[in-house]
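Heads up: the structure comes next, in structure tokens.
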There are 2 protein chains.
Amino acid sequence: MPKIVDRNERRRELAEAVWRVIRQDGVEQASVRNVAREAGLSAGSLRHIFSTQSELLQFAMRTVIDRVETRVAGIAVPDEPRAAAQVVLEQLLPLDEERRAENEVWVAFSARAMVDDHLRAVRDDAYDRLRGAAEHWIRLLTDLGPEEQDVESERLFSLIDGLALHAALRPDAATPERLKAVLAHHLDQLTQGGRR
Amino acid sequence: MPKIVDRNERRRELAEAVWRVIRQDGVEQASVRNVAREAGLSAGSLRHIFSTQSELLQFAMRTVIDRVETRVAGIAVPDEPRAAAQVVLEQLLPLDEERRAENEVWVAFSARAMVDDHLRAVRDDAYDRLRGAAEHWIRLLTDLGPEEQDVESERLFSLIDGLALHAALRPDAATPERLKAVLAHHLDQLTQGGRR
DNA sequence: GCGGATTTAGCACAGTCGTGCTAACGTCCC
DNA sequence: GGGACGTTAGCACGACTGTGCTAAATCCGC
């Protein structure tokens, strides 16, 4: 039944196989043969869907972004800005298994993007959009001058990436409760002037 | 002249060759042959100094920690806690070429540590020490209860790692000035109650 | 049922990998 | 000088890599 499942669906399945291989053994093991075996295909078959390994990895990396954006677009966002920020930004933290998988795979791809030009383009695109989101929430939550806004955006953005990174590296230490507590505390400080 | 340079010095040189290969082409290219070529040795010779590739990579990863700790131990630290924190914590941010190199290599090794048990041990050791340092500075700079202290420590630690990560991924966006400004702003908020 | 197109499987090639092993080389001590 | 030893170089092996290519299997419209 070759035509029943359309091409995009097959690509999506392959991308998930890439994810599984990466989480298990790292990107360096995401070879054409290993991914094909993980997906239950022959290497030759895989190469009719992705004609090159680079394509396969790029698609799998983009899939991470797509899944995050789809989830963010689908959730109910409160009207109140502070609560809205918390709900949306929590979607970027690995608080459940789904987000944990996305995060681990993203970390692996980001590292490889340091030396792979194609993946770097994907990473830069995501980075720019995340930075835009950080700026958006800072504008919404605070009333600061331009350069203060800039510093706060970078701080929020870096904090979230740092939290996600810690969760990937040390899931035992960076528990979901802890991540949420830190984010909530940071947002509290941003919105209200109160400290200590 | 085989005996002139002692064993540790040779190992240190090899570690630096590993760094160069990693920064240029990524950890996956840090093979015995590539590192040997980078160091001007034959692969067979390298394996008399590091009998296995795993040993070589572990040593090169530990070298990152050693260099950071040596630098931190060597700097002049102000008496005033707020200034001291700024000076010390800046040593963890990639503000110059030396720290940029350490940071890039560390990011690469950290990613590989996700799937390499030996490197994971090195990474966990460093992580625990950094977390201890974060807790130390929070205690010194604030007067909080235990669980608030815990949240602030994780926040400071994650922020620094996030800043360093951003600097590695997007050196054009995360400039040294920007990194320092964010850190300074965060420390300001920690020490003084003032906001906005 | 059948032709034709598409999907699948698998081989071939040239390259790299980690590592075991041997042979030449250098220097040092006696 | 000569023997011994630490160092260096390099080959060999089996495994894996990405990719080009060819043959088989499968399904579709008719």
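Residue numbers begin at 1 in each chain, while the letters A, B, ... track the order of the sequences. Since this is a predicted model, take the numbers as computed values, not measurements.
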Is any side-chain N or O of A:Arg47 under 3.5 Å from a base N or O of D:dG18, one able to act as donor and the other as acceptor?
no

Are B:Gln86 and B:Arg82 close enough that a side-chain donor and a side-chain acceptor fall under 3.5 Å?
yes

Phosphate OP1/OP2 of C:dT19: any B:Thr52 side-chain N/O under 4.0 Å
yes

Rounded to the nearest angstrom, tell me the gap between atom CD1 in A:Ile49 and atom C1' in C:dA9.
13 Å

Give the rounded distance in Å between these two atoms: CD of A:Glu55 and P of D:dT19.
9 Å

Counting heavy atoms from C-beta on, name the nucleotide in C:dT8, D:dT8, D:dT19 closest to the side chain of B:Arg10.
D:dT8

Atom-pair distance (CZ on B:Arg11; P on D:dT7), nearest Å:
12 Å

Distance, rounded to the nearest Å, where A:Leu41 contributes CG and D:dT26 contributes C1'
14 Å

What's the CG-C1' distance between A:Leu56 and D:dT17, to the nearest Å?
14 Å

Just to verify, which of A:Asp117, A:Asp116, A:Asp124 counts as forming a salt bridge (Lys or Arg N to Asp or Glu O under 4.0 Å) with A:Arg120?
A:Asp117

State whether the number of non-hydrogen atoms from other residues, nucleotides or ligands found under 6.0 Å of B:Asp79 atom CG is greater than 12.
no

Just the rounded figure in Å: distance from P of D:dA9 to CG of B:Leu46.
11 Å

Exactly one of A:Val107, A:Leu119, A:Ile22 clears side chain to side chain contact (heavy atoms under 4.5 Å, CB included) with A:Arg112, and that residue is A:Leu119

B:Glu148 and A:His185: side chain donor to acceptor below 3.5 Å:
no

Do A:Arg11's NZ or CZ and the ring of A:Phe59 fall within the cation-pi criteria of under 6.0 Å and 45°?
yes

Nearest to the side chain of B:Val32, heavy atoms from C-beta on, is which of C:dA9, C:dT19, D:dT8?
C:dT19

Under 4.0 Å from OP1 or OP2 of D:dT8: is there any side-chain N or O of B:Ser45 that close?
no

Protein-nucleotides 22-25 of chain C N/O pairs closer than 3.5 Å?
none

Flag for A:Arg37-A:Asn34: side-chain donor and acceptor within less than 3.5 Å:
yes

Between C1' on D:dT8 and CZ on B:Arg37, what's the gap in Å once rounded to a whole number?
17 Å

Write down the protein N/O and nucleotide N/O pairs, taken from nucleotides 11-16 of chain D, whose separation is under 3.5 Å; answer none if there are no such pairs.
none

In terms of side-chain geometry, is the basic nitrogen of A:Glu102 or A:Arg71 positioned less than 4.0 Å from the acidic oxygen of its partner?
yes

Assess, by modelled atom type and distance only, whether the side chains of B:Gln149 and B:Ser153 contain a donor and an acceptor separated by less than 3.5 Å.
no

